[in-house]
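Heads up: the structure comes next, in structure tokens.
Quick caveat, the model's predicted, so the values are computed rather than measured. A, B, ... follow the sequence lines: proteins, then strands. Residue 1 opens every chain.
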Amino acid sequence: MSKNILVAVAWPYASGSRHLGHIGGAYLPADIFARYHRVIGNNVLMVSGSDAHGTPITVRADEEGVEPIDIVNKYHAEFLDYWEKLSISWDNYTTTMTDNHKDVVHRIFLKLLENGYIDKQKTLQAYDPVDNKFLPDRYVEGTCPKCEYKEARGDQCDGCSATLDPEELLNPVSKLSGNPAEFKETEHFFLKLSLLGKELMPWLETKTDWRPHVINWAKSFVKEGLKDRAITRDLEWGIDIPVDDLGDEKKIYVWFEAVIGYLSASIEWAKNNGNEDAWKDWWENEDAQSFYFIGKDNVPFHSVIWPAILAGYENLNLPTNVPANQYILIKGEKASASRGVGKSLSDYLSEWQPDALRYTLASVLPEQSDSELTEDEMIRRNNEELVATWGNLVQRVFTLIRNNNEAINTPSALESVDQKLLDQASEAFNDIGRKIEAVELKSALQESMRYVSKVNVYLNETEPWKVLKEDSNRGGRILYTALQAIDACANLLYPFMPTTSKKVSGAIPKDTENSWNLNEIKIGAELTEIGHLFKKFD
RNA sequence: GGCGGCGUAGCUCAGUUGGUAAGAGCGCACGACUCAUAAUCGUGAGGUCGGCAGUUCAAGUCUGCCCGCCGCUACCA
């Protein structure tokens, strides 16, 4: 009865550091979703990796006087450090530099070629005759033919925001070298989106549960009529084209191969785990589901182009859902930074507990529209919601129990207030589970915290610190019930805050081991000191 | 220009297919409690749902126009 769930997460571009917005936009929601599904017994395969190719990386390498691989290695290592510190639970986090990835890309390329979905077309391309290289549109500069703005780029003019073709520019020069640019004919492979796109609309029509901003975008993109799109470039840094009729100065363009990473990372995972065909359970099994966690800037590739590639290849599952997030806008970041540009993710990771950072980001996930987050708000949530509401609740109950250990050994029967609290926990597991499955994570977290508050209410109503003085059996039952509820809270919060939740849950002796339901607490066991779960910021 | 999104209490946001007197958290005011990292709990004030005009028995929720912010327009991925 357990399902196979592929959790595919955007491939971070290894050309620069990530920031909080990236984490909240893709990696954190993916991890919350994956952890939940594992906990309820589904087979999760969560994959991603560092995107190693593309022009920004080579440009950066040139600027720093190093090789592209040095840039990639630097940021890949940095990313691995983030994942470790943030408890992002990959099944496989790899890169696009592996032989495996190259092989898979080649297999897809050749199959699409064979199926007639890739062909060759000639185009005119800006060229630097001094450096002997072709220039991407955005690295050509010149005077805008429409507004005469002097520094218009080949793809658009920043002066009048017109969309341009580079050959329209007057006096075009290379932005990289300053040399005058020429235009030369070059031949490239194109993905025949004009053919593949036709099957996409009926498929998109079935996606009634996608987020409005995602499905609207995808449909209008297809409706406008998809154009064939070049999938090779005149580059040195990238994956070779598996056929040699264009010469070896061309490479597969990054956007085409990076999305294939989801598949190649799955295949690599299978190999590493000793069952080469295991990946098929997620990609060929019709009952498997796939969720692509990305930022809104990636919607075209995941809602249209990647499905088109998959459809052209045949027999591979198309995305079940693409729960793309909008942006988290971190305000006040600049003001709080001591060294110029603003706080880096590394700064936050060194100042914040991982779970607290996960919590504050999860509480503002931009699932519908951009959301604003200030550092004051982050601190407020940490201090009031984590320290005061949840952390304090745990401390409250643990201390009560440790000071009244004999009482909890002989609890009296359940009363209706106790039963009500436990019933509410059962409801919470159902409701919150449903929300996470629908990728309504922000709302799921809010509801989890609402249950935490109910436990505080329960304590205020039952006042065990008073009751214990007169009726230790009744007091014992209240504490026992509160402890059971706290264990439920820890389970509910586990997908969001795995480290602290495990700490709480692990400190409670139990007769059952439910990870997404209420547990029976072992009667007569002693609680160990757990310490403060969260640190308060001054 | 075209396409799309957004504009709901001071702040951050929810508001299913239009239907009981518009919601949450924070902040604010007042109160209860004292087991707990002075933490917890309760009550209350506060909104003509960007503007105007329509459709309808009924609109935050549909239509048109307008204002403001943002994104995309395909060699940024």
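The residue A/Val254 sits close only to the backbone: its heavy atoms come under 4.0 Å of sugar-phosphate atoms, none of a base. In this structure, A/Ala230 reaches neither bases nor backbone, as no heavy-atom distance under 4.0 Å exists between it and the strands shown. Using a 4.0 Å heavy-atom distance criterion, A/Phe534 is classed as a base contact. In this structure, A/Leu226 reaches the bases: a heavy-atom distance under 4.0 Å links it to at least one base atom across the strands shown. Using a 4.0 Å heavy-atom distance criterion, A/Arg233 is classed as a base contact. Counting any heavy atom pair closer than 4.0 Å across all strands shown, A/Ser443 reaches no nucleic acid atom. Within 4.0 Å of A/Leu533, counting heavy atoms only, lies at least one base atom of the nucleic acid. Using a 4.0 Å heavy-atom distance criterion, A/Gln395 is classed as a sugar-phosphate-only contact. Across all strands shown, A/Gly531 has no heavy atoms under 4.0 Å from either base or sugar-phosphate atoms. Residue contacts shown for A/Lys223 are absent, as no nucleic acid heavy atom lies under 4.0 Å away. Using a 4.0 Å heavy-atom criterion, one finds that A/Tyr327 contacts no nucleic acid atom at all. Among the heavy atoms of the strands, none lies under 4.0 Å from A/Asn383. If you check every strand for non-hydrogen atoms under 4.0 Å, A/Ser363 touches nothing.
Annotation: A/Phe189 is in aromatic contact with A/Phe109 [ring centroid separation under 6.0 Å]. For an aromatic pair to be called close, the ring centres must be under 6.0 Å apart, and A/Tyr262 with A/Tyr292 satisfies this.
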Check residues 207-215 of chain A and write down every donor-acceptor pair under 3.5 Å in which the side-chain atom is one partner and the other belongs to a residue at least two apart or another chain.
{"residue": "A/Lys207", "atom": "NZ", "partner": "A/Pro319", "partner atom": "O", "Å": "3.3"}
{"residue": "A/Lys207", "atom": "NZ", "partner": "A/Thr320", "partner atom": "O", "Å": "3.3"}
{"residue": "A/Trp210", "atom": "NE1", "partner": "A/Thr320", "partner atom": "O", "Å": "3.0"}
{"residue": "A/Trp210", "atom": "NE1", "partner": "A/Asn321", "partner atom": "OD1", "Å": "3.4"}
{"residue": "A/Arg211", "atom": "NH1", "partner": "A/Pro323", "partner atom": "O", "Å": "3.1"}
{"residue": "A/Arg211", "atom": "NH1", "partner": "A/Ala324", "partner atom": "O", "Å": "2.9"}
{"residue": "A/Arg211", "atom": "NH1", "partner": "A/Asn325", "partner atom": "OD1", "Å": "2.9"}
{"residue": "A/Arg211", "atom": "NH2", "partner": "A/Val439", "partner atom": "O", "Å": "2.9"}
{"residue": "A/His213", "atom": "ND1", "partner": "A/Gln326", "partner atom": "NE2", "Å": "3.3"}
{"residue": "A/His213", "atom": "NE2", "partner": "A/Ala324", "partner atom": "O", "Å": "3.2"}

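Using P as the reference atom, B/G23 and B/G44 are 12 Å apart when rounded to the nearest Å. When the C1' atom is compared between B/G47 and B/A14, the two are found 15 Å apart, to the nearest whole Å. Between B/G42 and B/A58, the distance separating the two P atoms is 40 Å to the nearest Å. Between B/G60 and B/A21, the two P atoms lie 11 Å apart (nearest whole Å). B/C72 and B/C66 have their P atoms separated by 24 Å, given to the nearest Å. Comparing the C1' positions of B/A45 and B/A9 gives an interatomic distance of 11 Å, to the nearest angstrom.
The side chain of A/Val387 has B/U37 as its nearest neighbour among B/U37, B/A74, B/C35. Checking B/C13, B/A74, B/A77 against every side-chain atom of A/Pro300, the shortest atom distance belongs to B/A77.
Between A/Trp255 and A/Tyr253, the two ring planes are perpendicular [angle over 60°; tilted spans 30° to 60°].
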Where do A/Lys102 and A/Asp240 land on the salt bridge (charged side-chain N to carboxylate O under 4.0 Å, His left out) test, with the steps shown first?
-> CA-CA 8 Å; A/Lys102 188 178 73 182; A/Asp240 293 330; 5.5 Å; no

Could you go through A/Tyr327 and A/Ser371, starting from their C-alpha distance and side-chain angles, then the distance that decides it, and tell me whether this counts as side-chain hydrogen bond (donor to acceptor under 3.5 Å, both in side chains)?
CA-CA 6 Å; A/Tyr327 294 144; A/Ser371 62; over 6 Å; no

Between the protein and nucleotides 27-29 of chain B, list every N/O to N/O distance that falls short of 3.5 Å.
{"residue": "B/G27", "atom": "OP1", "partner": "A/Glu384", "partner atom": "OE1", "Å": "3.3"}
{"residue": "B/G27", "atom": "OP1", "partner": "A/Glu384", "partner atom": "OE2", "Å": "3.1"}

Sub-3.5 Å pairs of nitrogen or oxygen atoms, protein against nucleotides 2-9 of chain B:
{"residue": "B/G5", "atom": "OP1", "partner": "A/Asn216", "partner atom": "ND2", "Å": "3.3"}

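A salt bridge is absent between A/Arg477 and A/Glu415; no separation between the charged side-chain nitrogens and carboxylate oxygens falls under 4.0 Å.
To the nearest angstrom, P of B/G25 lies 10 Å from CD of A/Gln446. Atom P of nucleotide B/C13 and atom CG of A/Asn325 are separated by 13 Å, given to the nearest angstrom.
In terms of modelled atom types and a separation under 3.5 Å, the side chain of A/Ser505 and the main chain of A/Asp487 share no donor-acceptor contact.
Listed by first residue number, the stems of RNA chain B with at least three Watson-Crick or G-U pairs below 3.5 Å are B:1-7 with B:67-73, B:10-13 with B:23-26, B:28-32 with B:40-44, B:50-54 with B:62-66.
Here the options are A/Tyr139, A/Phe134, A/Phe183, the test is ring-ring contact (aromatic ring centres under 6.0 Å, His included), and the partner is A/Tyr127; only A/Phe134 passes.
Place A/Leu135 and A/Lys469 on RNA chain B by their nearest nucleotides, and A/Lys469 ends up nearer the 5' end.
With hydrogens and angles left out, the side chain of A/Asn392 and the base of B/A39 share no donor-acceptor pair within 3.5 Å.
Put simply, A/Arg396 has no side-chain N or O that comes within less than 4.0 Å of OP1 or OP2 on B/U40. The phosphate of B/G71 has neither OP1 nor OP2 within less than 4.0 Å of any side-chain N or O from A/Lys296.
Of the residues in residues 53-62 of chain A, not one comes within less than 4.0 Å of RNA chain B through any heavy atom. RNA chain B lies under 4.0 Å from at least one heavy atom of each of the following residues of residues 450-468 of chain A: A/Ser453, A/Asn456, A/Val457, A/Asn460, A/Trp465, A/Lys466.
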